[in-house]
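Residue numbers begin at 1 in each chain, while the letters A, B, ... track the order of the sequences. Bear in mind the structure is a predicted one, so any value in this text is a computation, not a measurement.
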There are 2 protein chains.
Amino acid sequence: MTKPQSHGRETFEPVERAPEAQAEGFAIVRQAHESEMAEDYVELIAELIETRGEARPVDIAERFGVKPPTVTKNISRLRTAGLVRRERYRAVFLTEEGQALAEACRRRHRIVVAFLLSLGIDEETAERDAEGIEHHVSDETLEAFERKLDRT
Amino acid sequence: MTKPQSHGRETFEPVERAPEAQAEGFAIVRQAHESEMAEDYVELIAELIETRGEARPVDIAERFGVKPPTVTKNISRLRTAGLVRRERYRAVFLTEEGQALAEACRRRHRIVVAFLLSLGIDEETAERDAEGIEHHVSDETLEAFERKLDRT
DNA sequence: TAGATAATTTAGCCAAGGCTAACTTTTGTA
DNA sequence: TACAAAAGTTAGCCTTGGCTAAATTATCTA
């Protein structure tokens, strides 16, 4: 089934890593998961405000494929985190902090998508994979993506 | 702060996507999160068995940076899922299915790491980013990574 | 402008995956 | 071989992020 391959480490024994280093890596991944919700929301909210002037819970729910009560709950978490400002039963807006985060996330998202496209991946797949990948791309890796793009 | 860039879409308006397509993308990401635990565990268990003959909960806990009770709980979930076989108070082993999954995950992991290294990213960072990224790489994207590696 | 419809929230449920404290079993050694 | 230390489990707690059903508020339209 798995045809013999031959790039780099493929044939080496697994890289030996100190348990603590490995544990730290998993801690980073767990942490990334915790900020994913916030990042996805501010990103989408910024997009909705830009394209239609406001971000309504009903639209957020539709885009995420989630029910309205879930959005209400998450929005209130974002409010607690200081990323979002709003009045009950009204549309959602971003605080300064929320805007800054959204800006950074959208930039990263664009870079990841562009990078995947540059590998010859189709748009649909690039967009979907980027959604999951972007939250786990370190600054170093993002820079590497940019470098590759610039010399295309 | 953000210097003007110029790769691909960077300067375009956000890609307009149908809400359903976007929702499906997020559903896929959520699904990936649900299988992450299983994938990380079988991957590590396979590694431990290979390097020291058995996978003990205490070692699994250390590598993940997690407490033993968490490992017990998750192992029992894997058992329910048919990925793992074991007796109480004993080391953990993989079922056929578990081994197959571990094999696929390790292969994917190696490819992602090798690909990041090929971009000039340092080992430590490549290893850490791969940990998060690997679970969100589609078959198409994995193939694209392989193609790039093969022509290096 | 009143009443129907649409949007939002509240309350309460669930599973996942963390944790600590306390208990049991296994292992290693005096 | 008995007992101390190490490993594993159990019980019970917490937060996150889903859900449904039902209540409330806003909006649209006849």
Side-chain polar contacts of residues 80-93 of chain B - donor-acceptor pairs under 3.5 angstrom, sequence neighbours left out - could you list them?
{"unit_1": "B:Thr80", "atom_1": "OG1", "unit_2": "B:Ser76", "atom_2": "O", "d": "3.0"}
{"unit_1": "B:Arg86", "atom_1": "NH1", "unit_2": "B:Arg90", "atom_2": "O", "d": "2.3"}

In whole angstrom, what separates [X]'s [atom1] from [N]'s [atom2]?
| X | N | atom1 | atom2 | value |
| --- | --- | --- | --- | --- |
| A:Tyr89 | D:dT25 | OH | C1' | 5 Å |
| A:Arg30 | D:dT15 | CZ | P | 18 Å |
| A:Glu39 | D:dG17 | CD | C1' | 16 Å |
| A:Arg56 | C:dA7 | CZ | P | 6 Å |
| B:Phe26 | D:dG18 | CZ | C1' | 15 Å |
| A:Tyr41 | D:dT16 | OH | P | 14 Å |
| B:Glu34 | C:dC14 | CD | P | 17 Å |
| A:Gln31 | C:dG18 | CD | P | 14 Å |

Of B:Glu36 and A:Ala91, the one whose closest DNA chain C nucleotide lies more 5': A:Ala91
Does [X] make a side-chain N or O approach to OP1 or OP2 of [N] shorter than 4.0 Å?
| X | N | value |
| --- | --- | --- |
| B:Arg86 | D:dT9 | yes |
| B:Arg88 | C:dT24 | no |
| A:Arg90 | D:dT27 | yes |

query: Should A:Arg106 and A:Glu50 count as an ion pair when the cut-off is N to O under 4.0 Å?
result: yes
query: So does B:Arg56 pair up with B:Asp59, basic N to acidic O under 4.0 Å?
result: yes
query: How large an angle, rounded to 10°, do the end axes of the helix from C:dT1-D:dA30 to C:dA30-D:dT1 enclose when each is built from five base pairs?
result: 0°
A:Ser118: side-chain contact (heavy atoms from CB on, under 4.5 Å) partners, not counting sequence neighbours: A:Phe115, A:Leu149
task: Using side-chain contact (heavy atoms from CB on, under 4.5 Å) as the criterion, list what pairs up with A:Asp139, not counting sequence neighbours.
output: none
query: In residues 66-83 of chain B, what residues come within less than 4.0 Å of DNA chain D, judged by heavy atoms?
result: B:Pro68, B:Pro69, B:Thr72, B:Lys73
field: Set of ring-ring contact (aromatic ring centres under 6.0 Å, His included) partners for A:Phe64, sequence neighbours left out
entry: A:Tyr41, B:Phe26
field: Minimum heavy-atom distance between B:His135 and B:Glu131, given as atom pair plus value
entry: CD2-O, 3.3 Å
query: More than 12 foreign heavy atoms under 6.0 Å from CZ of A:Arg79: is that the case here?
result: no
- request: Calculate, to the nearest 0.5 Å, the distance between atoms CD and CD1 belonging to A:Glu143 and A:Ile111 respectively.
  value: 9.5 Å
